[in-house]
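Below: one structure, written as structure tokens.
Here the structure is a predicted model, which is why all the values come from computation and not from measurement. Residue numbers count from 1 along this sequence.
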Amino acid sequence: MNILLVLLFLPVGFGVGALHFTLLRRNTELLVSGGSPWTGLGLQLGRMAVTVAALAGAALVGWPCLLACAAGVLAARRVIVRRLGWVAP
């Protein structure tokens, strides 16, 4: 396994995680404000599909790439939650 390939998946995971948690915020605001349920469903399915596709793609390459991608997603969660002012453990 090439170390550069593993290191490539860290920013990929961070980007996917940032997108995932930003769209989660948008989806929550949409549902609370009484927005269109179809838009909410589309956002929900879209963000899940992108996240699953990225993690599945990393898993197909190998477990070190999956681990790097998942670490990127978790790092993005921490950054996005702090940036948007959510309370998180």
ILVMFWY network linking Leu66 to Val12, side-chain heavy atoms under 4.5 angstrom | no
Sequence neighbours excluded, the answer for side-chain contact (heavy atoms from CB on, under 4.5 Å) partners of Leu41 is Trp38, Leu45
State, yes or no, whether a side-chain contact exists between [X] and [Y] at a heavy-atom distance under 4.5 Å.
| X | Y | result |
| --- | --- | --- |
| Leu43 | Arg26 | yes |
| Val79 | Phe21 | no |
| Val6 | Asn2 | no |
| Arg47 | Leu24 | yes |

Shortest non-hydrogen contact between [X] and [Y], atoms and distance:
| X | Y | result |
| --- | --- | --- |
| Leu84 | Arg25 | O-NH1, 3.2 Å |
| Val16 | Ala54 | CG2-CB, 3.6 Å |
| Cys69 | Leu55 | SG-CD2, 3.8 Å |
| Ile80 | Ala18 | CG1-CA, 3.9 Å |
| Ala76 | Phe14 | CB-O, 3.3 Å |
| Ser36 | Leu30 | O-CD2, 3.8 Å |

With no hydrogens and no angle check, is any side-chain donor or acceptor of Thr51 less than 3.5 Å from a backbone partner on Met48?
-> no
For Gly17, does its backbone N or O pair with a side-chain atom of Arg77 as donor and acceptor, under 3.5 Å?
-> no
Once you round to the nearest 0.5 Å, how far does SG of Cys65 lie from CG of Leu60?
-> 10.5 Å
